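Notes to accompany the following structure.
Along the sequence shown, residues carry numbers from 1. All values derive from a computational prediction rather than experimental measurement. Whatever order the structure lists ligands and atoms in, that order sets their numbers, starting from 1.
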Amino acid sequence: MTQTTVNGQHTRKPDHEVIIIGVGMCGIYQLYRLVELGVDVTALEGSAGIGGTWYWNRYPGCRFDSESYTYGFSFSKELLSEWHWKERFSPQPENLKYVNYVADKFNLHKHIQLNARVKAAHFDETHNLWQLSLEDGRQMTCRFLLTALGLLSTPTMPRIAGAADFKGQSFHTFYWPHEPVELTGKKVAVIGTGATGVQVISEIADKVKELTVFQRRPNWCAPLNNSPISAEEMDQIRAKYEQIFTKCSQTPGGFEHEPDRRGFYEVSREERLALWKRLYGEPGFGIWLSNFREIFTDEKANAEFSEFIADNIRSRVKDPVVAEKLIPKDHGFGIQRVPLETRYYEAYNRENVHLVDLQETPIECITPTGIRTTKQEYDFDIIVYATGFDAMTGAFDRIDIRGVGGQQLRDKWVEGPTTFLGLQISGFPNMVMLAGPQSGSSATNFPRGIEVCVDWATKLLQFMWQHGYTRMEATPEAEERWSKHVAAMYNMVLMRKAKSWFTGYNSNVDGHEFGKIRHLVYNGGAPKYFSTITEVAGRDYEGLVLS
Ligand code: NAP
């Protein structure tokens with residue numbers, strides 16, 4: 001940091017005008033935008049490579065459940081014309097290649113520092129800048145701090161005694177080893193049946209000697225219906241990119257899938273069944289997002305549809321006792337995040353796959369050789385923890401972020417996050433969360449949402465520079481209004497009953513209990529969110545104090 005004199009006054013020039021923390025999809029696009037503008041920016045990535053989610057999650061079966069061509073960046077026509085998505089739902093290795101291809105193409109690597117994990121970020125009120133401390137001991141300052149920390153980047157391990165004593169291989173899916181894991185001939189345990197567990201179980205069932213799934217609660221899953229994309233099909237997709245992205249910008253979830261606008265009760269049961277049968281055979285989230293809107297809001301409608309899915313599970317799983325265990329009884333379809341699957345239910349028809357229902361026989365402990373439940377002891381070579389994440393706020397909590405008056409963000413958010421538009425926090429000036437809790441981007445097909453938030457943040461910074469401002473901060477009133485609005489919207493959707501990260505529940509994190517909703521997600525849909533933040537910008541950033 002250097003001292004300079006402006007108009008006779010001492011001022012401190014930060015090391016960088018902007019620092020971005022995190023170089024996943026979000027950080028990459030933000031970096032591209034600022035480099036393009038010639039801004040002095042550096043991006044700090046804690047890992048040894050870029051890509052965030054696609055760098056870390058290397059477990060077998062990891063892939064998009066957004067259509068690949070709706071997930072890729074939309075900002076560069078050249079990029080769109082060059083990249084060939086090989087599958088409708090692209091797998092992790094290909095996605096990581098894509099991220100690196102983008103960074104290479106736009107010469108971003110020279111602005112990225114790897115293995116640069118931020119330990120603390122403190123706001124310096126005297127000079128209106130952020131002082132960062134890295135784990136490697138370095139210190140850095142910047143005027144504006146942009147966080148691109150990821151929504152699901154803080155994995156959580158179950159609180160089960162003995163995990164450290166296990167003598168075989170064990171890892172959380174997020175930390176699946178980078179070197180190949182030999183599965184052939186191995187006895188493998190998977191704990192957890194969320195979207196990750198479902199992907200990994202389906203993929204390894206026919207590769208391992210024995211697979212034992214430890215399920216606490218089942219999820220409602222539906223077929224992914226993946227397929228390859230030929231060169232000719234990719235050409236057709238390229239010709240339609242503009243339409244595709246326009247459509248995504250108009251739907252609540254940022255996908256091409258849009259709700260069936262007919263009223264659930266206006267059509268006959270036969271018509272409802274015809275729609276559901278069609279959607280069950282179609283790719284992606286259509287079964288969830290192209291359904292009747294009442295599925296999300298009306299218990300009776302939701303129950304009827306859930307029974308349709310339950311019947312499909314019964315028809316796919318041969319053993320009726322196992323089938324019933326795989327059907328959720330404590331919540332309806334789509335109340336929690338729907339895992340999309342490829343032959344998941346058929347895995348349970350295999351002789352080498354076993355389901356342990358933890359509601360009947362809970363895990364007592366991990367032993368040096370395996371897992372002991374209240375009923376029996378199991379031996380394993382490998383234990384896979386597919387036990388989820390401290391979603392959205394977890395990554396913020398891991399950094400010692402302090403704002404005005406030394407207030408710690410993790411203290412402010414102890415009961416759940418409060419934000420202005422999911423983008424800013426009162427008391428934490430000059431910081432923009434590019435994909436924060438309560439923002440529209442986090443509840444959508446992620447890149448579609450983050451492109452809008454990054455563009456918004458970039459315009460805000462340009463506004464600051466044009467006016468010579470050095471400080472911006474959300475007012476407490478604006479934050480309160482937005483946070484109340486986000487909370488009120490939870491009351492409109494059945495999702496408020498979810499025992500999952502949607503409501504901030506995580507049994508492995510202190511204080512993240514069921515029934516104590518942490519309002520992480522904006523439920524108003526992407527178009528409404530984007531028009532709201534655009535209007536705020538149009539009114540010269542009403543709700544922010546700029547000086
Ligand atoms: P998750 O949905 O939170 O699931 C965690 C699983 O672990 C649940 O089945 C949970 O059981 C179980 N679990 C947690 N602690 C446990 C314990 N102590 N004992 C036994 N079981 C325990 O996590 P996830 O599957 O990693 O998925 C998280 C999110 O990542 C998804 O919702 C999705 O948004 C994203 N994701 C996306 C993709 C994709 O795009 N293709 C793929 C995977 C994940 P309970 O249900 O009983 O708590």
Checking side-chain polar atoms at under 3.5 Å, does Trp276 have a donor or acceptor matched by the opposite partner on Asn291?
yes
Give yes or no for whether the N/O distance cutoff of 3.5 Å, strictly under, is met between Phe64 and ligand 1.
no
Using distance alone, with no hydrogens and no angle criterion, decide if Thr70 and Glu256 have a side-chain donor and acceptor under 3.5 Å apart.
no
Is Ser500 near ligand 1, meaning one of its heavy atoms is under 4.0 Å from it?
no
In ligand 1, which numbered atoms sit nearer than 4.0 Å to a non-hydrogen atom of Ile191?
20 (C), 21 (N)
Does a side chain donor of either Tyr101 or Glu82 reach within less than 3.5 Å of an acceptor in the other side chain?
yes
Considering non-hydrogen atoms of the protein only, which is the closest contact for atom 2 (O) of ligand 1, and what is the distance?
Gly194 CA, 3.7 Å
contact_flag Tyr59 ligand 1 heavy-atom lt 4.0 Å
yes
Among all protein heavy atoms, pick out the one at the shortest distance from atom 46 (O) of ligand 1; state its residue, atom name and that distance to 0.1 Å.
Arg217 NH2, 3.1 Å
Determine all donor-acceptor pairs shorter than 3.5 Å in which one atom belongs to a side chain in residues 508-517; sequence neighbours excluded.
| residue | atom | partner | partner atom | Å |
| --- | --- | --- | --- | --- |
| Asn508 | OD1 | Arg159 | N | 3.4 |
| Asp510 | OD1 | Arg159 | NH1 | 2.7 |

Polar proximity ligand 1 side, Tyr505 side, N/O cut 3.5 Å exclusive:
no
Which bit of Leu358 gets closer than 4.0 Å to ligand 1, counting heavy atoms only: side chain, backbone, both or neither?
side chain
Polar side chain donor-acceptor pair, Ser306 to Trp220, under 3.5 angstrom:
no
Option of least heavy-atom distance to atom 8 (C) of ligand 1 (set: Val338, Thr193, Leu224)
Thr193
Can you confirm, on distance only, whether ligand 1 has an N/O atom lying under 3.5 Å from any N/O atom belonging to Gln199?
yes
Under 4.0 Å between a side-chain nitrogen and a carboxylate oxygen: does that hold for Glu210 and Lys186?
no
Residue and atom name of the nearest protein heavy atom (relative to atom 23 (O) of ligand 1), distance in Å to one decimal:
Gly388 CA, 3.2 Å
Residue pair Asn445 / Ser66, side-chain donor-acceptor N/O under 3.5 Å:
yes
protein heavy-atom neighbour closest to atom 30 (O) of ligand 1 works out as Leu152 CD1, 3.3 Å
Atom 17 (C) of ligand 1 has as its nearest protein heavy atom Arg216 NH1, 3.5 Å
Can a donor-acceptor pair be found between the side chains of Ser507 and Arg216 at a distance below 3.5 Å?
yes
Any side-chain donor near an acceptor of the partner, Asn225 and Glu282, under 3.5 Å
no
When distances are taken from atom 40 (O) of ligand 1, the protein heavy atom at minimum range is Asp65 OD1, 2.9 Å
Gln438 and Thr419: side chain donor to acceptor below 3.5 Å:
yes
N or O pair under 3.5 Å between Thr196 and ligand 1:
yes
For Phe446 and Tyr71, I'd like to know if the aromatic rings sit close, meaning centre-to-centre distance below 6.0 Å.
no
Atom 18 (N) of ligand 1 has as its nearest protein heavy atom Pro158 CB, 3.1 Å
Which heavy atom of the protein is the closest neighbour of atom 41 (N) of ligand 1, given with residue, atom name and distance?
Arg63 O, 2.5 Å
Determine the interplanar angle of the Tyr522 and His485 rings, folded into 0 to 90°, and report it as parallel if under 30°, tilted if 30 to 60°, perpendicular if over 60°.
tilted
State whether a side-chain donor-acceptor pair under 3.5 Å links Thr393 with Arg518.
yes
Return a yes/no value for Asn508: is any of its N or O atoms, backbone included, closer than 3.5 angstrom to an N or O of ligand 1?
yes
Can you check which of Phe514, Trp501, Phe389, Phe446 brings a heavy atom nearest to atom 29 (C) of ligand 1?
Trp501
Location of contacts on Phe214 toward ligand 1, heavy atoms closer than 4.0 Å:
neither
Would Ala386 count as a polar contact of ligand 1, with the cut-off being nitrogen or oxygen pairs under 3.5 Å?
yes
Gly192 heavy atoms within 4.0 Å reach ligand 1 at atoms 6 (C), 7 (O), 9 (O), 12 (C)
